[in-house]
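Just the heavy atoms: all of them, side chains too, but no hydrogens, waters or symmetry mates, feed the values below.
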Amino acid sequence: MSYSFVLSGKRKLGYNISQVDEFLDLAKQQFNNPSRELVSSLDVRTIRFKLVKNGYSISVVDSALEKLEDTFAASEFTKDIMNQGYFEFSEDQDNLRKELVARCNRAKHKKFSTRKFPNKGYSIKQVDRLCSQLGKSLEDKADLSVREVRLTTFKSKRGGYAEYQVDAFLEKVVEVLQREQAIQNFKR
């Protein structure tokens, strides 16, 4: 099956067409028969494709994958609510949110491990600013979009925060937001 994504162009890099098509075929099978468990939202979030000239447009495929991840996450979390029970799932959600808020409330320049000089990491100032905003939003249960979190970028600075820790934290924020959406949908 071939998908009609825009191509990157003959001189530009894009995602390997056959790898993307193969993965999306699996995802389609999963979507059509949820009991098969071929692909999870985590698989969608962590998939990596080779870069090739005249492949699929990276931004277009990434956008489609974000929607696919959200769809699978909604299904998975709804199943979790049904299996665990609404109140237990909500309690787990509150605990996870509290852990993230606690991370956000750590002292400035101490929220994550830093890279040893001269290695580069994420700008401490930018990450701390985002954590301040996220902490308030998570604590107040304010509207915060998954897309906003996904599109967050940071400058690279010598001695900055360790990227893998910040990235893992942001993935947990996305998970909390997806879980919250599942709770809202379940209540309806």
Side-chain angles (χ1 to χ4, degrees), residues 5-17 19-20 23-24 40-74 93 95-181:
F5 291 120
V6 174
L7 297 178
S8 60
K10 292 183 180 187
R11 296 183 187 185
K12 290 186 177 182
L13 293 178
Y15 288 140
N16 180 291
I17 293 171
Q19 288 179 342
V20 172
F23 182 76
L24 291 179
S40 70
S41 61
L42 179 63
D43 294 330
V44 177
R45 184 181 317 130
T46 58
I47 189 71
R48 300 292 177 259
F49 304 110
K50 279 185 181 177
L51 294 175
V52 296
K53 288 185 179 178
N54 204 31
Y56 282 144
S57 168
I58 293 170
S59 61
V60 173
V61 172
D62 284 349
S63 180
L65 290 175
E66 288 171 5
K67 291 175 186 171
L68 186 62
E69 178 194 346
D70 290 340
T71 300
F72 282 4
Q93 169 72 354
N95 291 335
L96 184 54
R97 185 187 301 105
K98 286 175 186 174
E99 287 176 28
L100 295 174
V101 169
R103 169 74 73 167
C104 290
N105 289 336
R106 288 183 181 180
K108 283 186 177 183
H109 308 283
K110 304 286 184 195
K111 298 188 188 313
F112 301 95
S113 297
T114 55
R115 303 291 308 271
K116 296 204 184 284
F117 192 84
N119 296 318
K120 290 185 175 186
Y122 289 145
S123 165
I124 292 172
K125 186 176 180 179
Q126 289 179 333
V127 173
D128 282 352
R129 188 178 317 122
L130 176 69
C131 283
S132 175
Q133 294 167 349
L134 289 176
K136 288 175 189 171
S137 293
L138 290 168
E139 210 164 22
D140 299 339
K141 296 184 181 179
D143 283 339
L144 181 65
S145 106
V146 170
R147 186 152 177 76
E148 287 176 87
V149 177
R150 284 184 179 134
L151 291 176
T152 301
T153 59
F154 306 105
K155 290 182 181 176
S156 185
K157 299 280 187 176
R158 292 191 192 280
Y161 283 138
E163 295 96 333
Y164 72 94
Q165 286 185 348
V166 176
D167 291 344
F169 168 77
L170 292 176
E171 285 183 18
K172 279 295 180 189
V173 171
V174 167
E175 180 183 334
V176 163
L177 296 174
Q178 289 171 330
R179 290 171 62 97
E180 190 62 41
Q181 186 62 47

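Distance check, rounded to the nearest 0.5 Å: CD1 of I17 to NZ of K50 gives 14.0 Å. Atom CG of L68 is separated from atom CG of D62 by 12.0 Å, given to the nearest 0.5 angstrom. Put simply, OH on Y161 and NZ on K110 are 8.5 Å apart, with the number rounded to the nearest 0.5 Å. Atom OG1 of residue T152 and atom OH of residue Y122 lie 10.0 Å apart, to the nearest 0.5 angstrom. To the nearest 0.5 Å, atom OG of residue S132 and atom NZ of residue K111 are 7.0 Å apart. Distance CG/N105 to CG/L100: 11.0 Å, rounded to 0.5 Å.
Scanning both residues, S8 and V52, for their nearest heavy atoms gives OG-O, 4.4 Å. Of all heavy-atom pairs between F112 and C131, the closest is CE1-SG, 3.8 Å. Residue L65 comes nearest to V44 through the heavy atom pair O-CG1, 3.3 Å, listed as atom of the first residue, atom of the second, then distance. Nearest approach of L177 to V146, heavy atoms of both residues: CB-CG2, 3.6 Å. In terms of heavy-atom proximity, S41 sits nearest to A73 at CB-N, 3.7 Å. Of all heavy-atom pairs between F154 and S123, the closest is CB-N, 4.4 Å.
Although no hydrogens or angles enter the test, the distance criterion places no donor-acceptor pair under 3.5 Å between the side chain of R158 and the main chain of F117. With hydrogens and angles ignored, the 3.5 Å screen pairs no side-chain donor or acceptor of K53 with any backbone N or O of K10. Remark: side-chain polar atoms of N16 are not paired, donor with acceptor, to backbone N or O of F49 under 3.5 angstrom. One N or O on the side chain of Q126 and one on the backbone of K155 form a donor-acceptor pair closer than 3.5 Å.
Y15 pairs in a side-chain contact (heavy atoms from CB on, under 4.5 Å) with only one of the listed residues (I58, L7, V60), which is I58. Tested against D70 for a salt bridge (Lys or Arg N to Asp or Glu O under 4.0 Å), the candidates R150, R179, R147 yield a single pass: R150.
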| task | Determine, stepwise, if the pair I124 / K157 fulfils side-chain contact (heavy atoms from CB on, under 4.5 Å). | result | CA-CA 8 Å; I124 292 172; K157 299 280 187 176; over 6 Å; no

| task | Please test R45 against E175 for salt bridge (Lys or Arg N to Asp or Glu O under 4.0 Å), starting from the C-alpha separation and ending with a verdict. | result | CA-CA 11 Å; R45 184 181 317 130; E175 180 183 334; 5.6 Å; no

| field | Evaluation steps, salt bridge (Lys or Arg N to Asp or Glu O under 4.0 Å), between E180 and R97 | value | CA-CA 10 Å; E180 190 62 41; R97 185 187 301 105; 2.7 Å; yes

| Stepwise side-chain contact (heavy atoms from CB on, under 4.5 Å) check, V166 with L170 | CA-CA 6 Å; V166 176; L170 292 176; 4.2 Å; yes

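Using a 4.0 Å cut-off between charged side-chain N and carboxylate O, K120 and E163 make no salt bridge.
Under 3.5 Å, the side chains of S40 and D43 contain a donor-acceptor pair of N or O atoms.
Side-chain contact check for L134 versus F169: some heavy-atom pair is nearer than 4.5 Å.
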